[in-house]
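In what follows, a structure is listed as structure tokens, so that the remarks can point back to it.
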Amino acid sequence: MSRQERHVLSPQTRKVLLGVNSGIALAHIGNYIWFPHLISTLGVEYSGFWAGFVMFLTYVGRLSATFFYEGVAARFGTRTSIIAGIAVEAVALGGMGFADGVPFYSLLAFFVGFGSGISFPGLKNILGTLPAADRPKAFSSFQMSCQLGVIAGAVIGGLFLGSSMTILFLVVFVLFAGYCAAAASFIPADAGDLGDPAAKDTPLVNVAILKGLQLGGGGSYFLLSSVFWILSISFLVGMPLHMEEFAADLPVSTPFWITGLALLVLQYPAFRFMSKHLRPGQVMGVAFLAMAAAYALFGAGQTAVWVVVGCLVVVFGDILFTPSFDLWVADRMPADRLARAMGAMHFFRSFGNMVGTLAAGALYDLSRSTDIPGLNWYAVGAIALVCAAVSFSSAKKEGAAPEQGTPAFAKTEAAPVAEPVGEPRQAADSTA
């Protein structure tokens, strides 16, 4: 692309992106410092189930916030709601440094999720209000900031091996305070901050979002997406517990910087290659096969070497499934039902994350009580194999159906639409 063809961002857009991107990077650094350490600590002091339960409540908080977001933003404005959400998250994380007992951790975890459920959609809305010509670069840089934050946080997290939880969460609080300051300094004030006249017509709690749960055609893919997030979050919760028992010589956050770096390097070329040669269902099937293979490696080889190898394999699940499912929905759903389909996607993802956090901790406890190391990984690996079979079967049926022209998916070499959290590989989506 020539210099003349390059789009130059406006000064106002650059200022907004400086605040949004620097802030979200700090949030992801903080998230990937605290959550592996908290999970491993709770697993040792209590059990895998209670470690998963605390993470489960972050997703409950995040999902609960979706019913409040519209009303809060309408009353206080997007910028103020973002700052308030970050502040709630920061205070809750700071409090975790002084928590004692599962009930206290659980309460704070809910507010961590609730705060992120208010702030994170607000950041996306800010980017969506930028000039149309600026948006592609804005969303691309936002995603890059998320991924770089994941890698940096996982690497930095290794420095806190053996540190007290008070010191660890104090550092995290400072990072989130910086996130809050970046949002306050660089995101411009909007009219809503001065009071939206229409706010009185917007309910503070809006459950109408549940009307978005229409599957349209291809309901099996929506159900598969929920199972995918159960499997994906099993890595997030199960790996710190696994590291504590079988690979204590490595920092507990090691798997997450490995997968983060691999995702950053391989995401676009791997997905582009697969999407050119396979149908969406087949790409999803390959994603599930990668997860099944990785979980078999974790179960069979309980050493640091097998952890590293498995991490390099499991990352292909995220690389292939998420963007192929996003593109499948965009291609198959009628325009008048696309918004509702997106709402359904969010619900099934949140549901999968919540179930997965509880299941991962319970399966880990089961593997220890039965004295069968790796049983937790074998169980989720078997589920991944079943999902792969369903994906390939669905793709075969689609291929046999009369084609009404070439699907957009087959014609497009689109970059993957990766999602961040806290996301954990996507963990940050839970908290960031």
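Residue numbers count from 1 along this sequence. Here the structure is a predicted model, which is why all the values come from computation and not from measurement.
Under the 3.5 Å distance criterion, the side-chain polar atoms of Arg79 are matched with a main-chain donor or acceptor of Ile187. Using a distance-only test at 3.5 Å, with no hydrogens or angles considered, a donor-acceptor pair links the side chain of Asn31 to the main chain of Ala27. Counting only distance, with no hydrogens or angles, the side chain of Ser324 and the backbone of Leu320 share a donor-acceptor pair below 3.5 Å. A donor-acceptor distance shorter than 3.5 angstrom exists from the side chain of Ser253 to the backbone of Ala154, with no hydrogens or angles considered. Between the side chain of Ser232 and the backbone N or O of Phe228, no donor-acceptor pair lies under 3.5 Å. With His37 contributing its side chain and Val252 its backbone, the two residues share no donor-acceptor pair below 3.5 Å. The backbone N or O of Gly260 lies less than 3.5 Å from a partner atom in the side chain of Gln147, making a donor-acceptor pair. Proximity of a side-chain donor or acceptor of Ser226 to a complementary backbone N or O of Leu223 within less than 3.5 Å is not detected. The main-chain N or O of His242 is never found under 3.5 Å from a side-chain atom of Tyr364 such that the two would form a donor-acceptor pair. In this structure, the side chain of Thr357 engages the main chain of Asn353 through a donor-acceptor pair within 3.5 Å.
Contact between Trp306 and Gly301 at its shortest, heavy atoms only, is CB-O, 2.8 Å. Shortest non-hydrogen contact noted between Ile118 and Ser81 is CG2-O, 3.4 Å. Across all non-hydrogen atoms, the minimal contact from Val150 to His28 is CG2-CD2, 3.6 Å. Nearest heavy-atom pair across Gly30 and Val172 is O-CG2, 3.8 Å. Considering every non-hydrogen atom in both Ile83 and Ala183, the closest pair reads CG1-CB, 4.4 Å. The minimum heavy-atom distance between Gly238 and Ala360, with the atom names listed, is N-CB, 4.4 Å.
Between Trp377 and Val380, some side-chain heavy-atom pair lies under the 4.5 Å cut-off. Residues Gln302 and Glu245 form no side-chain contact, since every pair of their non-hydrogen atoms from C-beta on lies 4.5 Å or further apart. For the pair Phe114/Arg62, no side-chain contact is recorded, criterion being any heavy-atom separation below 4.5 Å from C-beta on. Looking only at side-chain heavy atoms (C-beta outward), Val307 and Met239 come within less than 4.5 Å of each other. In this structure, the side chains of Leu168 and Leu38 stay at 4.5 Å or more apart for every pair of heavy atoms. Ser40 is not listed as a side-chain neighbour of Leu241, based on a closest heavy-atom distance of 4.5 Å or more. Side-chain atoms of Arg349 and Ser225, non-hydrogen and from C-beta on, never get closer than 4.5 Å to each other. Taking 4.5 Å as the limit, every side-chain heavy atom of Ile258 sits out of range of all side-chain heavy atoms of Pro255.
Rounding to the nearest 0.5 Å places OG of Ser145 at 10.0 Å from CG of Leu18. A distance of 9.0 Å separates CG of Leu148 from CD1 of Ile29, quoted to the nearest 0.5 Å.
Between Trp50 and Phe53, the angle of the ring planes goes over 60°, which puts this pair in the perpendicular group of the 30/60° scheme.
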Inset, instruction - Determine, stepwise, if the pair Phe235 / Phe256 fulfils ring pair (Phe, Tyr, Trp, His ring centres under 6.0 Å). - result: CA-CA 10 Å; Phe235 177 86; Phe256 304 110; 5.6 Å; yes

Inset, instruction - List the steps and the verdict of ring pair (Phe, Tyr, Trp, His ring centres under 6.0 Å) for Phe298 and Phe246. - result: CA-CA 10 Å; Phe298 294 144; Phe246 298 111; over 10 Å; no

Legend entry - Candidate pair Trp229 and Thr322, rule side-chain contact (heavy atoms from CB on, under 4.5 Å), full reasoning: CA-CA 10 Å; Trp229 293 113; Thr322 305; 3.8 Å; yes

Legend entry - Full working for side-chain contact (heavy atoms from CB on, under 4.5 Å) between Phe186 and Leu17: CA-CA 8 Å; Phe186 296 100; Leu17 290 182; over 6 Å; no

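Environment of CG in Asp100: sparse, with no more than 12 heavy atoms of neighbouring residues, nucleotides or ligands closer than 6.0 Å. The environment of Phe160 atom CZ is dense: over 12 non-hydrogen atoms of other residues, nucleotides or ligands sit within 6.0 angstrom.
For an aromatic pair to be called close, the ring centres must be under 6.0 Å apart, and Phe49 with Phe56 fails this. In this structure, Tyr32 has its ring center under 6.0 Å from that of Phe35. Outside the 6.0 Å centre-distance limit, the rings of Tyr59 and Phe351 are not counted as a close aromatic pair.
When only modelled atom types and interatomic distance are considered, Thr78 and Asn125 share no side-chain donor-acceptor pair under 3.5 Å.
Of the candidates Phe321, Phe316, Tyr295, Phe288 forms a ring-ring contact (aromatic ring centres under 6.0 Å, His included) with just one, namely Phe321.
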